[in-house]
Student: 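Please read through the structure below; I'll follow up with questions.
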Amino acid sequence: LAKTTQPISMDSYEGQEVNITCSHNNIATNDYITWYQQFPSQGPRFIIQGYKTKVTNEVASLFIPADRKSSTLSLPRVSLSDTAVYYCLVGVLSSGGKLIFGQGTELSVKP
Amino acid sequence: EAQVTQNPRYLITVTGKKLTVTCSQNMNHEYMSWYRQDPGLGLRQIYYSMNVEVTDKGDVPEGYKVSRKEKRNFPLILESPSPNQTSLYFCASSFVGSPLHFGNGTRLTVT
């Protein structure tokens, strides 16, 4: 079961690019990497999912190196509304449904 | 609208009084799961279900029960709640291997 490690917190300013890296050394061959965003007192919300190389959507990019032991969520030009907790999650197929979320990264965006 | 619905949103109860938190999804997802979230501890999985009549323990199952008699419903049962089960609870569902859809949460206080 792949466990993840992320920085506990990060600070940024509006307009900057933010990169949050997640370490998952024992990722299984069939595992996907998924990132979620959570605002206070709300359920986490899906941001992006990938298996290898690079994935981009309208809100973020996900970079995954060839060994897949880490991944980096990139948020371009953050705004105050991007202040939230970001979780990296690895699993589902290999774990049979058991999921372990890390503690998440609390991103604070300042004006 | 595709959604995961939890009820109630807020619940205050006393030690030992059995309670049920309901979770329903309208997306025909096979996979459903429950999480609790406590300050500094992130999201911890309580139970999960890969399909109807199939349930299994997550990371913190003690003191909880679940059932999956129908595909759309996955209630969380606390037979004898204790104060250490005071927490914010989330239900989530997905197709296996796809991103999770979370409910809006249930804030439970046990006195």
Side-chain angles (χ1 to χ4, degrees), chain A residues 1-9 20 22 24 27-52 55 57-60 62 71 73 84-107, chain B residues 2-7 9-10 21 23 25 27 29-52 54-61 66 68 74 87-109:
Chain A
L1 198 62
K3 293 195 176 183
T4 60
T5 304
Q6 305 172 230
I8 296 293
S9 63
I20 306 173
C22 178
H24 29 80
I27 186 170
T29 305
N30 292 338
D31 283 340
Y32 278 75
I33 300 155
T34 312
W35 285 80
Y36 295 88
Q37 175 192 56
Q38 186 182 26
F39 299 113
S41 297
Q42 293 185 25
R45 185 179 70 170
F46 167 75
I47 302 175
I48 196 165
Q49 184 180 61
Y51 182 78
K52 61 180 180 180
V55 179
N57 62 21
E58 62 277 6
V59 298
L62 179 59
S71 58
L73 174 72
V85 178
Y86 293 83
Y87 291 95
C88 158
L89 180 66
V90 172
V92 180
L93 289 181
S94 71
S95 64
K98 190 165 188 176
L99 297 175
I100 298 180
F101 280 84
Q103 288 195 349
T105 298
E106 188 169 1
L107 172 66
Chain B
Q3 57 186 358
V4 177
T5 304
Q6 291 180 232
N7 280 298
R9 288 296 309 276
Y10 301 92
V21 183
C23 174
Q25 51 94 3
M27 296 167 278
H29 289 158
E30 310 99 346
Y31 181 83
M32 297 187 75
S33 53
W34 276 102
Y35 304 84
R36 62 178 288 173
Q37 187 168 41
D38 303 289
L41 295 178
L43 287 156
R44 293 182 291 167
Q45 191 182 51
I46 303 171
Y47 269 95
Y48 62 94
S49 170
M50 296 293 280
N51 215 322
V52 176
V54 180
T55 62
D56 213 338
K57 297 177 181 178
D59 228 17
V60 288
V66 293
R68 187 95 181 269
F74 191 45
S87 188
L88 180 58
Y89 291 87
F90 291 102
C91 178
S93 72
S94 74
F95 294 114
V96 174
S98 294
L100 295 167
H101 295 252
F102 283 85
N104 284 330
T106 296
R107 189 169 292 280
L108 172 64
T109 302

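It should be emphasised that the depicted structure is a prediction, and the values quoted were computed from it without experimental measurement.
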Student: Taking side chain as C-beta onward, heavy atoms only, is A:Gln38 less than 4.5 Å from B:Gln37?
Tutor: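 Yes; the side chains approach each other to less than 4.5 Å.
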Student: Chain A heavy atoms under 4.5 Å from B:Asp56: which part of the residue, side chain, backbone, both or neither?
Tutor: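 For B:Asp56, no heavy atom lies under 4.5 Å from chain A.
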Student: B:Tyr35 versus chain A, heavy atoms under 4.5 Å apart: side chain, backbone, both or neither?
Tutor: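 Just the side chain, heavy atoms under 4.5 Å.
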Student: Of all of B:Gly40, B:Pro99, B:Gly42, which one pairs up most often with chain A through heavy atoms under 4.5 Å apart?
Tutor: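 It is B:Pro99.
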Student: Is chain B contacted by the side chain of A:Gln42, its backbone, both, or neither, given a heavy-atom distance below 4.5 Å?
Tutor: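 Only the backbone of A:Gln42 comes within 4.5 Å of chain B.
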Student: May I ask you to test the A:Ile100-B:Arg44 pair for a side-chain heavy-atom distance under 4.5 Å?
Tutor: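 Side chain of A:Ile100 against side chain of B:Arg44, heavy atoms only: no contact under 4.5 Å found.
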Student: State, with a plain yes or no, whether a side-chain heavy atom of B:Leu43 is found less than 4.5 Å away from one of A:Tyr87.
Tutor: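 Of all side-chain heavy-atom pairs linking A:Tyr87 with B:Leu43, at least one is under 4.5 Å.
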Student: Report yes if some heavy atom in the side chain of A:Leu99 is under 4.5 Å from a heavy atom in the side chain of B:Tyr31; otherwise report no.
Tutor: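 Contact flag for A:Leu99/B:Tyr31 side chains = yes.
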Student: With a 4.5 angstrom heavy-atom cut-off, which part of A:Glu106 approaches chain B: side chain, backbone, both or neither?
Tutor: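 Neither part; nothing is under 4.5 Å.
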Student: Report yes if some heavy atom in the side chain of B:Ser98 is under 4.5 Å from a heavy atom in the side chain of A:Gln49; otherwise report no.
Tutor: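 No, every pair of side-chain atoms sits at 4.5 Å or beyond.
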Student: Would you please indicate if the ring centroids of A:Phe46 and B:Phe102 are separated by under 6.0 Å?
Tutor: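 No, the ring centres sit 6.0 Å or more apart.
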Student: Taking every heavy-atom pair that is under 4.5 Å apart, which of A:Pro44, A:Gly102, A:Ser41, A:Gly43 has the most such pairs with chain B?
Tutor: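 Going by pairs under 4.5 Å, I would pick A:Pro44.
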